[in-house]
Amino acid sequence: MGMHHSPPLTARQVGLKACTSCGSLQRIGSTAPCRRCGAKVSSRREKSVQRAAAFLLVGIMAYIPANLYPVMLTKAFTGNTSDTIISGVFVLIDSGSYVVALIIFVASVCIPVIKFVIIAGLALSLHFDWEMSSRTRSRLHVLTEFIGRWSMIDVFVVAVLAALIQLGAILSIVPGVGINAFALSVVFTMLSASSLDPRLLWDHIADD
Amino acid sequence: MTTESGNPDTLDSFDELIACPGCDLLHHRQSLQLGELARCERCNDIVQTRKESTVDRSLAAVLAGIILMLLSLSLPFLSLSRAGVSSEISVLDAVSALWLSDMRWLGFVTLAFIVMLPLARLALLGWVLWRIRFDRKIRSGMRTAFRWAIRLEPWAMADIFMVGVVVSLVKISTLANLHVGLAFWSLLALVAVSVYLNLALCKDTVWACIIRRP
């Protein structure tokens, strides 16, 4: 194998595939699991773009009811109120908790929407072979994997409040159906980001 | 392309090479100094690491993590007082409160992401690292265990939960008085220990200890 630096080659170009868990290489034609760690080895994750797109679609679909239905119902002797994600943010702004309002807005609105746009963009760019810098695409992918989990904040807020605030007629908090849809949306978007094999983002350079 | 039938391919011949996990580019395997890491020249992903006394440090972090997790579960987490009525809950109380009052789904999600997945990850890592540290026989199950421990990492959400708790405290401060208990601080310590564990754990070193020898 001519492995002397110019030009650099990928494992796939020299007929090898790398195990993503332990890093060992094996021949691309082999169907056996990784000899050293036992993981299933594929040169590129099978149906990676299709899987990412399917999970993303479920994530987007779940995000719609997550915003339309209330995520939290507050029952107090002074009256009952129900809040959606957005109205919850406005309640926080009205009560002067600007930092917390910003945290919730970023975690529940900005991050999910940014993730939808980035993953959809990456999947479309791979499917239609768009001209796009691999470095940019790779950075966007790392970003989505890093920020995705933080959307769960609102789910935990509702869980803590609903578990704690159970004082009967005085004050009680009940989760709304919106929060279930929101949690589903976060989980499926995380699955979508992790289904996308980052090695695909660099392949069009290697194919030249 | 070479097929594997016939000659049992000699893996040793590929051992001087390593492919970048982020972009598949081949690199020559470097012999790193302690504390060094090698990055991919194309995508900047980490290709190789070598960390100082990684097994000892990681095992210590795992054991500390398990103890802190058990403390967080048993000690009071938050207490609430309003109009003379007060209540005190632990993390498990919170989950069972959700479960019993027909909010099972939310209770399950909380239990899974805060308790079960992090604990499973710590237990798997603890088993693998313990057997390496005390020179026990390397079992094939350790490879599967370590793989799952790596895979579970993004799903352990104690850090996000803590932010959620702080937000809850602020949100409810106008309606009732909330106070944090000892479990809150031990869960916060668990988050710090998890960060330390991720910094101390060198996957390459652990794989080198447990991979099947050709």
Side-chain angles (χ1 to χ4, degrees), chain A residues 3 8-12 14-16 18 20-30 32 35-39 76 92 95 97 100 103-104 134-135 138 145 149-150 152-167 170-171 174-175 179-180 183 190 194 198-199 201-202 206, chain B residues 1-4 9 11 14 17-19 21-26 28 41-43 45 78 80 82-83 85 87 89 93-95 97-98 101 103 105-107 109-110 113-114 140 143-144 146-147 150 154 157 160-161 163-165 167-168 170-172 174-176 178 204 207 210-212 214:
Chain A
M3 280 320 304
L9 290 170
T10 62
R12 172 180 254 187
V14 298
L16 296 175
T20 41
S21 46
C22 77
S24 322
L25 291 160
Q26 69 182 67
R27 289 186 202 289
I28 216 163
S30 162
R35 288 232 183 166
R36 309 227 274 170
C37 77
L92 284 168
S95 66
S97 319
V100 173
I103 291 174
I104 295 292
S134 289
R135 193 168 305 279
S138 157
E145 289 219 293
R149 345 166 26 244
W150 288 94
M152 286 298 274
I153 289 177
D154 219 12
V155 176
F156 294 139
V157 170
V158 174
V160 168
L161 293 179
L164 193 65
I165 315 287
Q166 296 294 336
L167 302 179
I170 304 173
L171 181 66
V174 181
I179 203 68
N180 293 357
M190 281 176 71
S194 68
R199 295 174 292 189
L201 303 172
W202 296 86
Chain B
M1 196 151 300
T2 338
T3 52
E4 48 168 351
D9 54 311
L11 268 160
F14 311 141
L17 294 174
I18 189 164
C23 74
D24 210 30
L25 194 73
L26 285 171
H28 288 281
E41 57 185 68
R42 184 165 72 171
C43 74
D45 202 351
L78 291 170
L80 165 82
R82 152 129 193 165
V85 188
S87 61
I89 58 160
D93 288 341
V95 171
L98 290 173
S101 45
M103 308 175 230
W105 211 82
L106 200 58
V109 166
T110 311
F113 287 146
I114 306 311
S140 65
R143 294 187 271 273
T144 315
F146 192 56
R147 233 175 29 239
I150 296 170
M157 298 190 177
I160 297 163
F161 181 68
V163 179
V165 170
V167 169
S168 315
V170 176
K171 240 183 153 167
I172 209 65
T174 50
L175 293 173
L178 274 177
D204 291 347
W207 278 124
I210 62 176
I211 50 180
R212 187 179 296 163

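Here is how names work: the chains are called A, B, and so on, in the same order as the sequence lines, proteins then strands, and each is numbered from 1.
Shortest non-hydrogen contact noted between L25(A) and A19(B) is CD2-CB, 3.9 Å. The heavy-atom pair separating L92(A) from K171(B) by the smallest distance is CD2-CG, 3.6 Å. Between C37(A) and R147(B), the shortest heavy-atom distance links the atoms O-NH1, 2.7 Å. The two residues A162(A) and L98(B) have their closest heavy-atom pair at CB-CD2, 3.9 Å. For M152(A) against V109(B), the heavy-atom pair with the smallest separation is CE-CG1, 3.8 Å. Closest heavy-atom contact between A159(A) and T110(B): CB-OG1, 3.5 Å.
Judged by distance alone, with hydrogens and angles left aside, the side-chain atoms of W207(B) form no donor-acceptor pair with the main-chain N or O of R36(A) at under 3.5 Å. Side chain of N180(A) to backbone of W105(B): no donor-acceptor contact under 3.5 angstrom is found.
I160(B) CD1 to R149(A) CZ: the interatomic distance, rounded to the nearest 0.5 Å, is 4.0 Å. Atom SG of residue C22(A) and atom CZ of residue R143(B) lie 9.5 Å apart, to the nearest 0.5 angstrom.
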Pair V155(A)-F113(B), side chain to side chain contact (heavy atoms under 4.5 Å, CB included): steps then yes or no: CA-CA 11 Å; V155(A) 176; F113(B) 287 146; over 6 Å; no
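Considering only heavy-atom pairs separated by less than 4.5 Å from chain B, the leading option among G38(A), A18(A), S138(A) is G38(A). With respect to chain B, the highest number of heavy-atom pairs below 4.5 Å among A76(A), P175(A), A183(A) belongs to P175(A). Ranked by heavy-atom pairs under 4.5 Å with chain A, the first of G164(B), C43(B), C23(B), P21(B) is C23(B). Among the candidates S140(B), G22(B), A97(B), the residue making the largest number of heavy-atom pairs closer than 4.5 Å to chain A is G22(B).
Qualifying side-chain contact (heavy atoms from CB on, under 4.5 Å) partners for T20(A), counting only residues two or more places apart in sequence or in other chains: R199(A). Residues passing the ring pair (Phe, Tyr, Trp, His ring centres under 6.0 Å) test with F161(B) are F156(A), F77(B), sequence neighbours excluded.
Put simply, the residue from L161(A), V157(A), V160(A) that forms a side chain to side chain contact (heavy atoms under 4.5 Å, CB included) with I172(B) is L161(A).
With a 4.5 angstrom heavy-atom cutoff, F146(B) does not touch chain A via any of its atoms. Looking at S97(A), only its side chain comes within 4.5 Å of chain B, counting heavy atoms on both sides. With a threshold of 4.5 angstrom between heavy atoms, R135(A) approaches chain B through side-chain atoms but not through N, CA, C or O. For L164(A), the parts lying near chain B are the backbone and the side chain together; criterion is any non-hydrogen pair under 4.5 Å.
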